[in-house]
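Below, read A as the first sequence line, B as the second, and so on, with proteins coming before strands; counting in each chain starts at 1.
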2 protein chains.
Amino acid sequence: MKIKSLYKTIYDDLVSKIMSGYYKEGQKLPSEKELDQLYHASRTPVRQALSKLESDGFIYRLQGRGSFVSDNRPKQLWTRMTGFTNYYLSEWEKITSRTIDVEKVPAPAAISPLLKLTDGDSALLTKMTRIRFYEGDPIIYLQHYLHPRFPVESLQSNENFFSIAEILNEEFQVKVARADEEIEAIMADDYLKDVLQLDDAHTPLIKVTRTSYTAADEPLDVNVYYVNSKRWKFEVSFRQSEKNFEFF
Amino acid sequence: MKIKSLYKTIYDDLVSKIMSGYYKEGQKLPSEKELDQLYHASRTPVRQALSKLESDGFIYRLQGRGSFVSDNRPKQLWTRMTGFTNYYLSEWEKITSRTIDVEKVPAPAAISPLLKLTDGDSALLTKMTRIRFYEGDPIIYLQHYLHPRFPVESLQSNENFFSIAEILNEEFQVKVARADEEIEAIMADDYLKDVLQLDDAHTPLIKVTRTSYTAADEPLDVNVYYVNSKRWKFEVSFRQSEKNFEFF
DNA sequence: AAGTGGTCTAGACCACCCG
DNA sequence: GGGTGGTCTAGACCACTTC
């Protein structure tokens, strides 16, 4: 049993106090000195916790004034990571998934470079096709390409999983540290119209190509998915504490 | 003349050494102890610098092994903030802008809540319409809605600026700390087809609604823009150092 | 002047990886 | 066992805001 670090304990406690409304939007948190005493800690772990709260969007800090609960704090921790908004706030459980197909395929030309596969590397990779539903309506069509170094045979048998990251973590002790997404607008073709049950003759979709990596920059999988953005709002949040960044 | 903090000096030096290739992709950086000596500093500022390098995507750190230059390090610092890829790497100067129109308008219903304007607040806000070109071809159509507390009269006269953030910073000493974007796929209407010079009868566009905020969560402006994603690739990067996040 | 967050020192011990 | 990054202590001084 690993003991949680002190700063993580402080972070978790503050998150729960913010989420529960003990500290309300816009409210000032205790000063760093007061938090030192509250948690019987020195300033370093307290500041580590506050720093993480800030980068996770729970609070903002103003020099000379204090730390305050953010008005736009994340409603769910997964929001920014999945890229999907909490539009259906706390209705996450209404989302279901269905695995359509699992097969071994040679890497498509568009996928190989993203997984850093060399031309000579002809290893088959696992391709998985899934659909996500909201209240029974199909909203996202997904294709997953797993890196060949993961011989995932268990996918066929294990139908009722939620995330690929979950499986990678449990079966291979691999953690996702980073993900890049490329976003395009495309027209739905006949097949997508069918699976996503689109009525209009010309429906635009968001196509996202997501590549996920370990902390050591090794690609884990490529995920191409098509979103009916009329049903789902796609949301992204940028933070830049320090420098004034260029804008439109 | 303000003196730059020590950790920022170390950060800037390491960035330039990575960008220049002095430290190459995948290469191990000097250990924290060695950096202490190199910069005649204690561990705190060195770790602050490394921490920022990591969150900015320049390096990754592995416990027990060292810090390494990332294979996917940012080619330009602005990339992740603007949301646009360096697809036309180092050709940023080929991007030009034209201001079509600047006017005072009542806040549209879709914009008011984003700027946190109350119903009673009937102040006019500055609306600016612009187009961005790449090598003379129009690729982005933008509408800017500035919060009423900025009475920007200088926009009319100052035609050749680059970013709104620049003006907010210089005229009002206001810094952008955060931006949220909502992304949709839409069909180009006749007007957009015209200004973006789209040939196809049915061209899908990416519509982005971006709201920018100060560090204190005050909305500064709303920016609605339409992108021809056939010409521009839209790119987003997510990082999560700590916890294993949920995935598709 | 008092209070706050931002930076920095000079140590210490722990957890993890590798030879 | 030696080297690395991760956590933590107990201080110090600085920059900024508020009164």
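- With sequence neighbours excluded, the residues satisfying side chain to side chain donor-acceptor pair (under 3.5 Å) with B:R43 are B:E32.
- Between A:G64 and A:H40, the residue anchored closer to the 5' end of DNA chain D is A:H40, taking for each the nucleotide with the nearest heavy atom.
- Contacts of B:K17 classified as side chain to side chain donor-acceptor pair (under 3.5 Å), with partners at least two apart in sequence or in another chain: B:D13.
- Candidate nucleotides C:dC17, D:dT18, D:dT7 were compared by shortest atom distance to the side chain of A:S5, and D:dT7 ranks first.
- The interatomic distance linking B:K28 (NZ) with D:dG5 (C1') rounds to 10 Å, in whole Å.
- For B:K28, the NZ atom counts as densely surrounded, since its 6.0 Å shell holds more than 12 non-hydrogen atoms of other residues, nucleotides or ligands.
- In this structure, A:L62 reaches the sugar-phosphate backbone alone: every heavy-atom distance under 4.0 Å involves primed, P, OP1 or OP2 atoms, never a base.
- Out of D:dC8, C:dA10, C:dG6, the shortest distance to the side chain of B:S42 is found at C:dA10.
- Remark: B:L62 engages A:A215, A:A216, B:Y60, B:R65, B:F68 in a side-chain contact (heavy atoms from CB on, under 4.5 Å) (not counting sequence neighbours).
- Projected onto DNA chain D by closest heavy-atom contact, A:R65 and A:Q48 fall at different nucleotides, the more 5' of which corresponds to A:Q48.
- Residues satisfying the side chain to side chain donor-acceptor pair (under 3.5 Å) test with B:Q48, not counting sequence neighbours, are none.
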Could you list all N or O pairs between the protein and nucleotides 11-14 of chain C that sit under 3.5 Å apart?
{"from": "C:dA12", "atom 1": "N6", "to": "B:R43", "atom 2": "NH1", "distance (Å)": "3.3"}

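- Applying the side chain to side chain donor-acceptor pair (under 3.5 Å) criterion to A:S5, with sequence neighbours excluded, gives no partner residue.
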